Amino acid sequence: MTELAGVGFGTRAIHAGPPPDSATGAVMMPIYQTSTYVQDGVGSPRDGYDYARTKNPTREALQQTLASLEGGRHAAAFSSGLAAMEAIFKSTLRQGDHMICGQDVYGGVDRMLRLVWSGLGVEFDFVDSSDVDAVRAAIRPNTRLIHVETPSNPTMTLTDLAACAEVAHSAGALLTVDNTFASPFLQRPLSFGADVVMHSTTKFINGHSDMLGGALVTDSEELADAFGFQQRTAGAVPGPFDCWLALRGAKTLHVRMPVHCSNAMRLAEMLAERNDLDSVRYPGLTSHPQHDLARRQMDDFGSMLSIDLGSNERAERFCGSLRLFQLAESLGGVESLASVPARMTHASVPAEKRARIGITPGLTRLSVGIENVADLEHDLNAALAT
Ligand SMILES: Cc1ncc(COP(=O)(O)O)c(C=O)c1O
């Protein structure tokens, strides 16, 4: 790996990972599109390259880059964010164990816990992780894991990572953090004491909405071994081309994120001045109840914001009238997207729970892209006027 001690985030984004290809000098990591490798003798793979599920150079380059960006020692890439999440659960939970999960995590995580892991004898509680006392009160003798997402999807609620790490560790449990919404450019959970950072690399890491992937980053040798075991044993690994797309995206994360953030801030301020919205949720607004925590924990406030249009009917009319923002699930790409979580990303969350945690029928999530902000502003205002 290139020696990068003490260099900045952008330099690591571009130079972390292996040096130029030794055979050809190729500046960019090649796409090693192979499923297997020739061995020098029976049972003698070169550098452990025996089969692509176990090891692939393009995947390793991505893993090294992600570890460097998160300030961790190890990373493991998976075929999707949910596959990465599942690898955490499989590595850390056994029948009879208890887990605490933030109450407004990505809908797919909620669904996996309720419909898969509960059937396997794992106990779990969904808790408002913005309230550290509630997290502490939910600890049981068999609690092994606390999983949180901050900022959360789609209510933009923050969790105090240092406080949660302290609660987890004093109970002998691990803290895992979904850092997808912030990206490592804005927030590095390991530095606040988290044990594992999880990403849907589908989002900001890739940044161009053209692949699906997930990743786990940790400082722990033991967890890194467990995640490697999941890669080769369960096999939910990303293909080399998807790794290459994520790697290419990661190299410009530090260029894209400041534009995402400044566009989102300007739109949030503009939306907050209107009097026809029930709420505007963006951690960068001083009106956000956890704005101070956002300032402490994040380097900027991100590109995600939610507005409440009061009813599903108005939310649908608004989304149908947008011209630049496209109605689509997902987030974190260069293009701006809008979605209505109650009917889309969080439709699998029970209606009673959606109502309780603030995923109202009119809540509309915006992933602000890096287009010219005046055009985005015009698009939102025109759609709100309909
Ligand atoms: C915050 C968050 N975490 C995890 C996931 C799941 O990732 P993937 O779709 O790559 O499986 C998503 C997907 O939207 C997400 O928004």
Side-chain angles (χ1 to χ4, degrees), residues 59 62 66 70 75-90 101-116 126 129 147-159 161 176-187 189 194 196-217 230-231 234 236-239 242-243 245-246 249-250 260 281 283 298 302-306 326-333 335 337-349 357 359 363-368:
R59 189 169 96 209
L62 172 65
L66 295 179
E70 282 290 358
F78 291 87
S79 55
S80 69
L82 279 184
M85 205 60 241
E86 188 175 41
I88 294 182
F89 295 157
K90 283 186 185 155
C101 186
Q103 69 181 4
D104 52 354
V105 294
Y106 172 61
V109 174
D110 177 290
R111 180 178 54 202
M112 195 196 298
L113 284 172
R114 280 185 300 104
L115 303 185
V116 179
F126 289 106
S129 59
H147 175 71
V148 300
E149 189 179 305
T150 180
S152 72
N153 183 7
T155 62
M156 304 307 301
T157 306
L158 269 57
T159 292
L161 293 175
T176 61
V177 179
D178 186 335
N179 201 27
T180 300
F181 262 38
S183 90
F185 185 70
L186 302 182
Q187 176 174 274
V196 181
V197 178
M198 175 254 161
H199 276 284
S200 167
T201 53
T202 317
K203 311 298 184 320
F204 292 99
I205 302 276
N206 163 265
H208 296 74
S209 307
D210 52 15
M211 51 73 71
L212 198 67
L216 302 176
V217 183
Q230 288 303 326
Q231 285 179 314
V237 290
D242 280 352
C243 289
L245 287 170
H260 277 297
R281 303 179 203 178
M298 302 174 72
S303 92
M304 301 302 299
L305 61 100
S306 295
Q326 298 172 81
L327 177 62
E329 301 203 356
S330 204
L331 58 115
E335 68 291 319
L337 300 178
S339 65
V340 181
R343 299 281 307 280
M344 296 170 72
T345 49
H346 289 65
S348 65
V349 176
I357 67 180
I359 307 179
L363 191 72
T364 302
R365 189 185 79 181
L366 301 177
S367 172
V368 179

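Computation of the quantities below employed the complete heavy-atom set of this structure, encompassing side-chain atoms and omitting hydrogens, waters and symmetry-equivalent molecules. Just so it is clear, the model here is predicted, and its values are computed rather than measured. In listed order, ligands and their atoms are each counted from 1.
When heavy-atom distances to ligand 1 are checked against a 4.0 Å cut-off, Leu82 comes that close through both its backbone and its side chain. No part of Thr201 comes within 4.0 Å of ligand 1, judged by heavy-atom distances.
The backbone N or O of Leu113 lies less than 3.5 Å from no partner atom in the side chain of Asp110, so there is not a single donor-acceptor pair. A donor-acceptor contact shorter than 3.5 Å is absent between the side chain of Gln103 and the backbone of Ile357.
If you check which protein heavy atom lies closest to atom 16 (O) of ligand 1, you get Asn153 ND2, 3.2 Å. Given atom 5 (C) of ligand 1, the protein heavy atom at minimum distance is Tyr106 CD2, 3.4 Å. Annotation: atom 9 (O) of ligand 1 to nearest protein heavy atom, Lys203 NZ, 3.6 Å. The nearest protein atom to atom 8 (P) of ligand 1, hydrogens excluded, is given as Gly81 N, 3.3 Å; this is a heavy-atom distance. The closest protein non-hydrogen atom to atom 2 (C) of ligand 1 is Asp178 OD2, 3.5 Å.
The structure places CG of Leu161 at 5.5 Å from CD of Gln187, a figure rounded to the nearest 0.5 Å. Summarising the geometry, atom CE belonging to Met156 is positioned 9.5 Å from atom CZ belonging to Arg365; distances are rounded to the nearest 0.5 Å. Here the CG atom belonging to Leu82 is positioned 4.5 Å from the CE atom belonging to Met112, to the nearest 0.5 angstrom. Considering CG of Leu337 and CG of Leu366, their distance stands at 9.5 Å, rounded to 0.5 Å.
Residue contacts with ligand 1 include Leu331, since one or more of its heavy atoms lies under 4.0 Å from the ligand.
Each of the atoms 4 (C) of ligand 1 lies under 4.0 Å from some heavy atom of Met198. For ligand 1 and Thr180, the ligand atoms under 4.0 Å from any heavy atom of the residue are 1 (C), 3 (N). Atoms of ligand 1 found under 4.0 Å from any heavy atom of Thr202, numbered from 1 in the order shown, are 10 (O). Close approach of ligand 1 to Gly213 (heavy-atom distance below 4.0 Å) involves ligand atoms 10 (O).
Between Leu216 and Ala84, the shortest heavy-atom contact is CD1-O, 3.5 Å.
Residue contacts with ligand 1: Arg365 is placed with no nitrogen or oxygen under 3.5 Å of a nitrogen or oxygen of the ligand (distance criterion only). Polar contact with ligand 1: absent for Phe181 (N/O pair, distance under 3.5 Å). Residue Glu149 places no N or O, backbone or side chain, under 3.5 Å from any N or O of ligand 1.
A donor-acceptor contact closer than 3.5 angstrom is absent between the side chains of Thr150 and Thr159.
Separation of the Phe204 and His199 ring centroids does not fall under the 6.0 Å cut-off.
Under the 4.5 Å side-chain criterion, counting only non-hydrogen atoms from C-beta, Ser306 is not in contact with Thr364.
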